[in-house]
Structures are given as C-alpha cells and as structure tokens.
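Reminder, nothing fancy here: chain letters follow the sequence lines and each chain counts from 1. This structure is a prediction, so every number in the text was calculated from the model and none was measured.
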Protein chains: 2
Amino acid sequence: MFDERDREVLCAIVQSYINNPDPVGSRFITRKYAFSLSSASIRNIMSDLEEMGFLRQPHTSAGRVPTDKGYRFYVDYLCSHEQQYDNRAFFNEITRELESIKNDIDVLLSETTKRLSNFSHYLGVALSPKSGSATFNRITLLKHRRNHVVTVLFTDEGLVRNKVVDVDFDLTQRDLNRIASYLNSEFYGYNLNDIRTKIVREMSEEKILCDTLISRAIRICREVLSSPSGNIFISGFSEVLGLPDFSDVEKIKEISRAMEDKHLIIKLLDKFSESAKDEVQVIIGSENSLAGMKGFSIVAATYKEGSRPVGSVGVIGPTRMDYSKTIAMVDIVSKFITKVIEGK
Amino acid sequence: MFDERDREVLCAIVQSYINNPDPVGSRFITRKYAFSLSSASIRNIMSDLEEMGFLRQPHTSAGRVPTDKGYRFYVDYLCSHEQQYDNRAFFNEITRELESIKNDIDVLLSETTKRLSNFSHYLGVALSPKSGSATFNRITLLKHRRNHVVTVLFTDEGLVRNKVVDVDFDLTQRDLNRIASYLNSEFYGYNLNDIRTKIVREMSEEKILCDTLISRAIRICREVLSSPSGNIFISGFSEVLGLPDFSDVEKIKEISRAMEDKHLIIKLLDKFSESAKDEVQVIIGSENSLAGMKGFSIVAATYKEGSRPVGSVGVIGPTRMDYSKTIAMVDIVSKFITKVIEGK
DNA sequence: ATTAGCACTCTCCTGTTGAGAGTGCTAATT
DNA sequence: AATTAGCACTCTCAACAGGAGAGTGCTAAT
C-alpha cells in the first residue's frame with residue numbers, strides 16, 4: 001500500500017517543491033526525474049498519496065503540494081542529511097570568525113544567528129543559557145554612589161552577570177564586603193533556581209527579619225536573581241523577505257507578528273532545551289500548535305554545558321524549507337556553540 | 001506671491017494627506033475645509049503651489065500630494081505643536097511605567113522605544129549614551145578563572161560597564177588590586193576618549209614596556225575601552241506594517257533594509273547628538289542624503305547629561321507622517337530620559 | 001478676481017476571452 | 001493486472017476592452 005515507488009514520487013515532489021514553490025504536476029515529474037513511467041501512472045500514484053494525506057491540491061487542475069504530513073515523512077524517512085558544499089563553507093566561516101568570541105556568550109549567539117540566517121536564508125534564532133540551572137560560585141558587591149550597589153555574580157560555569165541594585169539604606173564598602181561574604185558562604189555551590197526558592201522560603205523566617213545584615217543581604221540577592229533569565233536573538237528578517245514564500249504582504253505581517261511575540265518563541269525554544277534529545281529536532285507547520293506559526297517550520301537543537309543542555313539555537317522558516325541543508329547547519333552550529341562554551 | 005490663503009490651502013492639503021494617503025483634489029478641499037472659494041479657485045492656487053514646488057501630481061487628473069519641500073514648509077511654519085489628548089496619555093504611560101527603570105539605561109531606552117513606536121505607529125529608535133565623553137571615576141578588577149579578569153568601570157555620570165577580559169598571564173587578586181589602583185590614580189577625572197588616545201601614545205614609551213605591572217594595566221585598560229560605544233534600539237516594525245504606506249512589498253523591503261543597516265542609522269542619530277540644538281529636529285525624505293531612506297522622515301532629539309547631550313532618541317516613519325503629534329512625543333520622551341538619567 | 005461649464009485624461013474596476021497546465025476517467029495496450 | 005494513450009473537463013492567469021469616477025486645465029461669463 002506504500003511501496004518504494006510511491007516513496008520515490010513523494011520525495012521527488014517534495015524536493016521539486018522545495019526548489020521552486022510551484023505546485024508540481026505529473027508530467028513535470030516524468031520529465032525531470034526520469035521515471036520509467038508515464039504521466040498517467042504518476043497521476044494515479046499522486047492520487048493515492050493525496051488520499052493518504054501526504055499531498056494536496058491547491059485547486060482542481062493545479063499540481064500537487066506537500067502537506068505537513070508529507071514534509072514530516074520526507075524529513076523522517078526520505079531526505080538525506082549529507083553535508084553539502086555550502087555547509088562546509090558555512091562551517092569554515094563560523095569557526096574562523098567566531099571562535100575568538102568566547103567571553104561574551106550574548107555576542108557569540110547574536111553573531112551566530114546572523115551567520116545562520118545569512119547562509120540558510122531563513123530566520124536564525126537562539127536562546128541564551130538559562131542561568132537558573134547555573135551554579136553560584138561567588139558574588140562581589142561594590143559601592144556606587146549613595147544607595148546604589150553594583151553586584152557581580154560569578155557562576156561555576158563561567159557566567160558573569162552584573163546589575164546595579166537600588167538599596168534604601170546607605171552602606172560602606174566594608175558593610176558590603178560583610179554582606180557579600182555572608183552570601184558567599186550561604187549559597188556557594190547551589191544552583192540559582194534553588195537559591196531563588198530558598199530565598200522566598202527564608203524571607204518570612206524570624207531570624208532573617210531580626211538581623212539587619214542578613215535581611216539586607218537577602219534583599220540584594222533577590223534583586224540580582226530577579227533579572228530576566230533567557231535572552232533571545234533573532235536575525236535575518238530581510239533574508240526572509242527575499243523568499244518567494246513572502247511575496248505577499250499578509251504573509252510578511254504574519255511572520256513579523258510571530259517575531260515580535262518573542263515570548264512565544266522563547267517558550268517554544270525552551271521546550272527544545274528541556275527535551276534533552278541529542279539530535280536536531282524539527283517541528284513542521286501545524287505540529288506546532290501555536291497559532292500564528294501555522295505556515296512555519298522550526299529546526300532547532302540544544303547546546304550544552306557539560307552534558308546538560310542550557311540553551312537552544314535554530315532556524316525558523318516556511319514549511320517549504322530545505323530541510324536537509326538546514327538540519328545539517330543547525331547541527332553544526334549547536335555543536336560549535338557547545339564547543340566554544342566549554343572552552344574547547 | 002504667497003499669501004495667507006495659499007498657506008491655508010497648503011496646510012489643508014498636507015493635513016488631509018496625512019490623515020489619509022489619497023491625493024487630495026480641489027473639490028475635496030472646498031467641501032471638507034469650508035473655504036469660501038469654489039473648487040476652480042482652489043485649483044488655481046494648487047497650480048501655483050505646484051509651480052513653487054510644494055505640491056506635485058502623481059499623474060494628470062489625480063489630486064495633489066505634498067513634496068518634501070511642502071512638508072518642510074508645513075513643519076516649519078504651519079503645523080501647531082499643541083499637545084493632543086493622545087500625547088497626554090502617552091506621557092502618563094511613560095512616566096508611570098518607566099520611571100522606576102533608572103539603573104539600566106539600555107533597558108530604559110529599549111522600553112521607551114517600544115512605547116514610542118506603540119503610540120506613534122512608526123519606528124521608535126534610540127542611541128545609548130556615547131561613553132566616550134563620560135568621565136573615568138574608578139575601575140575594579142576581579143579575578144575570574146585563570147586568565148580571565150572581570151573589569152567593572154565606573155564613571156562620574158553613574159554609568160557602570162563590565163567586561164570579561166582575557167589575559168595571557170596568571171594573576172592573583174592582590175596583583176589585580178595593585179593594577180586597579182594604578183589605573184585609578186592615573187586616569188581619575190579624565191574622559192574615556194582622552195584616556196584612549198593617551199593609552200595609544202604611551203604604549204610605545206619605554207617606561208611602560210619595562211614595568212610589567214604598568215604594561216599589564218595598560219593592556220587591560222585598552223581592552224575595556226575598546227568595547228563598542230553606541231548601542232542602538234529600534235522597535236515597532238509590526239506597527240509600521242499596519243500603515244497604508246507599506247501595503248506594497250517593495251516598500252516593506254526598503255524599510256527593512258534600512259533597519260538592518262544599523263550602522264547608517266547610528267551615524268544619522270549621531271549627527272543629531274552632535275548638533276547640540278535644544279529642540280526636536282526633523283529631517284524630511286530626501287533632505288537625508290542617505291540612499292535607502294528616500295521616502296522616510298526622521299524626528300529626533302537628544303537627551304542630556306547635565307547640559308551635555310549624550311545620546312538621541314526619535315522616530316522614523318514615512319514622509320507622510322503626523323509631524324505635530326510625533327514632534328510632541330519625541331519632545332516628551334527626550335525630556336523624560338534626560339530627567340531619569342539625572343536621577344530627577 | 002472669481003466661478004461655471006466643459007472637454008479631456010488618467011485610474012481602477014469589471015467582464016470577457018483564449019491559452020496553458022493539469023487532472024480524472026475510460027478504453028486500449030502490454 | 002498493470003500501464004498508458006486519449007480526451008473532456010476544470011481552473012488559473014494574462015491580456016484586452018469598456019465604462020464609471022475623479023480630477024484637471026482652459027475659456028468665457030460673472
């Protein structure tokens with residue numbers, strides 16, 4: 001009911017449509033892909049494939065177009081992930097130009113998404129490491145004007161975060177040192193999420209409320225940890241505008257709305273980093289469940305710190321996407337970032 | 001040759017066109033603006049205005065449309081800058097929601113541009129303070145893993161900047177303290193630009209080369225100052241897409257290209273902050289000289305630190321822009337940011 | 001100086017038509 | 001039994017023509 005020949009036809013149709021967004025007809029297939037079959041036979045096969053839900057017709061007497069289910073089958077069973085020439089060039093550029101940026105993860109991610117979108121012609125996206133699971137190493141407090149404290153937080157993973165915190169009391173540098181060393185002894189080795197919940201729990205305890213030093217320390221620490229966790233990077237909008245899929249204003253509005261709603265994309269990418277699979281993952285069109293992302297696919301992977309995935313990176317593009325090329329690229333990028341983070 | 005009546009007609013045409021992007025005809029003017037003249041007379045006046053270069057016709061037998069020169073005259077002499085209801089709402093939202101963000105200038109600017117674009121329906125843009133003219137107050141160096149130093153730079157203006165610097169030598173925290181105190185004594189009170197040039201000059205001097213402490217100090221300091229200076233914030237792309245001016249794909253591509261070329265916009269805004277005028281400034285369409293910004297106008301102003309302008313904020317939109325409203329908004333915003341920076 | 005009247009121009013919408021591409025079905029062929 | 005040739009049918013798209021609508025410029029009258 002679904003033999004080798006059917007697969008070949010489906011594959012040909014998907015590939016042809018990816019190359020060029022015109023519905024593909026039976027005659028075109030016979031000519032271009034040199035099947036030893038007539039167009040009439042292809043028509044029969046296509047009709048079967050349509051009934052099985054892999055293809056659909058935009059209208060009677062147009063050719064066929066893959067459905068999301070069709071793409072899914074293509075990605076899972078048909079497309080080869082072999083590296084192409086393009087990808088080698090991509091790999092070279094990435095490693096050559098970006099390897100030196102290792103101190104500022106945000107710059108690294110932003111530059112990487114830029115290259116990713118340049119080479120793929122889709123939207124490059126990345127989520128910066130979730131600091132929640134990072135491990136507290138130490139904190140330094142520096143006096144800055146009256147009522148302002150500069151905090152510098154170090155994690156075991158090498159993350160450094162600073163923030164200016166308002167305090168409603170005037171403190172000397174000596175006070176700050178005492179507060180810092182309290183925090184350091186108290187929280188060393190915990191991960192930041194645990195510290196956050198620990199603080200909430202302890203806030204109400206009496207011993208905290210009585211001791212001004214401790215209560216001040218806790219308050220400062222809470223401020224530091226309240227910072228937004230995941231930064232998102234998106235780039236390549238003008239790349240996407242060049243695609244024929246976006247020759248229509250409505251389509252453009254759609255994707256730009258999706259882009260501005262960074263919240264949703266963050267959630268989406270978060271899912272990737274939670275499901276700690278090792279491979280590149282693909283979400284196609286309506287599999288996505290998110291309204292406003294109907295016509296788009298996402299190819300993403302996580303990058304890791306040690307063996308723990310801490311963030312994700314990927315590509316958003318139309319469902320009519322060059323999956324094999326894109327998957328290979330995302331694979332390269334995620335591994336590259338992992339490598340850089342771990343300091344080689 | 002250009003009397004009161006001509007002005008009134010020009011004003012009516014510009015306003016009508018701003019409301020609604022249809023070429024405006026003579027009959028429409030007489031009906032809508034209740035001139036005590038017939039459409040024929042209006043036609044004569046319009047013909048004169050066209051000859052003077054304030055109006056043009058998209059094609060014979062369409063109505064008239066303002067030229068850049070027409071907008072310029074409107075902005076300089078005709079439009080009233082009175083506050084409208086909208087602006088008060090805008091002012092309230094800005095002050096209520098953003099006054100508390102004063103420690104992180106970048107967050108402040110990014111949030112402000114968001115509101116600005118929301119209310120204006122154009123692109124909100126802002127340039128973060130040029131740190132070059134800020135005054136060195138002190139620097140703190142903290143050890144971070146081997147070969148990495150976290151630097152925290154304080155300026156008199158309250159700016160705090162941190163950066164992780166690679167060093168090719170291993171140092172104890174005590175060494176770092178000595179280096180920091182050398183830098184502090186050496187550079188206290190200078191502005192960052194001067195320090196940068198000073199470093200370049202001194203790098204070659206012998207005494208520097210001999211003394212390892214000093215040479216290391218200088219090297220670290222150079223790294224710190226090499227950071228990118230002006231950050232740019234742009235927001236509101238999806239706002240802009242809703243405007244009838246961008247119902248055409250080509251137009252959308254144009255503005256998105258202009259947006260991606262952040263370099264150019266930075267240059268442009270830089271000009272604003274240099275020409276230290278106190279008012280909101282307007283650049284209309286081709287006055288801009290920048291290719292790729294032909295159909296766009298820029299309304300911008302500087303925000304200040306003391307009396308010195310340090311950055312700029314504004315709006316980019318189609319030449320067919322509601323100038324009086326936008327100018328009022330940019331005025332509010334620039335004054336608001338100035339106020340917040342100076343800590344009220 | 002102003003205006004009514006009119007011929008003219010240009011856009012935009014609508015309907016028509018014909019070419020082209022592709023399908024599904026049936027009957028013939030292998 | 002699978003494949004294919006042939007054909008009628010459907011749908012899109014581009015080109016074209018006509019007509020309504022809006023606006024102008026000019027001239028002659030007020």
Separation of atom CZ in Phe28(B) from atom P in dA22(D), rounded to whole Å
12 Å
Determine whether Phe233(B) and Lys114(B) make a side-chain contact, defined as any pair of heavy atoms from C-beta on separated by less than 4.5 Å.
no
Pick the closest DNA chain C nucleotide for Gly25(A) and for Ser41(B) by heavy atoms, then say which residue is nearer the 5' end.
Ser41(B)
Toward the 5' end of DNA chain C, which comes first, Ala40(A) or Pro23(A), by nearest nucleotide?
Pro23(A)
Atom-pair distance (CG on Asp22(A); C1' on dT12(D)), nearest Å
12 Å
Under 3.5 Å, is there a donor on one side chain and an acceptor on the other for Glu260(B) and Ser238(A)?
yes
So what does Ser39(B) touch, heavy atoms closer than 4.0 Å: a base, only the sugar-phosphate, or nothing?
nothing
Does NZ or CZ of Lys32(A) fall inside the cone over Tyr17(A)'s six-membered ring, less than 6.0 Å from its centre and within 45° of the axis?
no
Under the side-chain hydrogen bond (donor to acceptor under 3.5 Å, both in side chains) rule, collect the residues that match up with Thr60(A), sequence neighbours excluded.
none
In whole angstrom, give the distance that lies between atom CG of Asp6(A) and atom P of dA2(D).
13 Å
Would you kindly give the CG-to-P distance between Asn44(A) and dA27(C), to the nearest whole Å?
15 Å
Tyr323(A) and Ser297(A): side chain donor to acceptor below 3.5 Å
yes
Considering Watson-Crick and G-U wobble pairs with both distances under 3.5 Å, what does dA29(D) pair with?
dT2(C)
For Phe35(A) and dT4(D), give me the distance from atom CZ to atom P, rounded to whole Å.
13 Å
If you compare every side-chain N and O of Arg5(B) against the phosphate oxygens of dA1(C) (OP1, OP2), does one of them come in below 4.0 Å?
no
Within this structure, what is the CG-to-P distance between Asn20(A) and dA21(C), rounded to whole angstrom?
14 Å
May I ask you to list the residues of residues 56-66 of chain A, by number, that have any heavy atom positioned under 4.0 Å from an atom of DNA chain D?
His59(A), Thr60(A), Ser61(A)
Whole-Å distance between dG23(D) P and Ile29(B) CD1?
10 Å
Expressed as a whole number of angstroms, how long is the span from Arg43(A):CZ to dT10(D):C1'?
14 Å
Using purine N1 to pyrimidine N3 plus N6-O4 or O6-N4 for Watson-Crick, or N1-O2 and O6-N3 for G-U wobble, each under 3.5 Å, what pairs with dT24(D)?
dA7(C)
pair Pro66(A)-Tyr74(A): side-chain heavy atoms closer than 4.5 Å
no
Side chain of Arg27(A), base of dG22(C): donor and acceptor closer than 3.5 Å?
no
Minimal non-hydrogen separation, Thr319(B) against Ile284(B), with atom names:
CG2-CG2, 4.3 Å
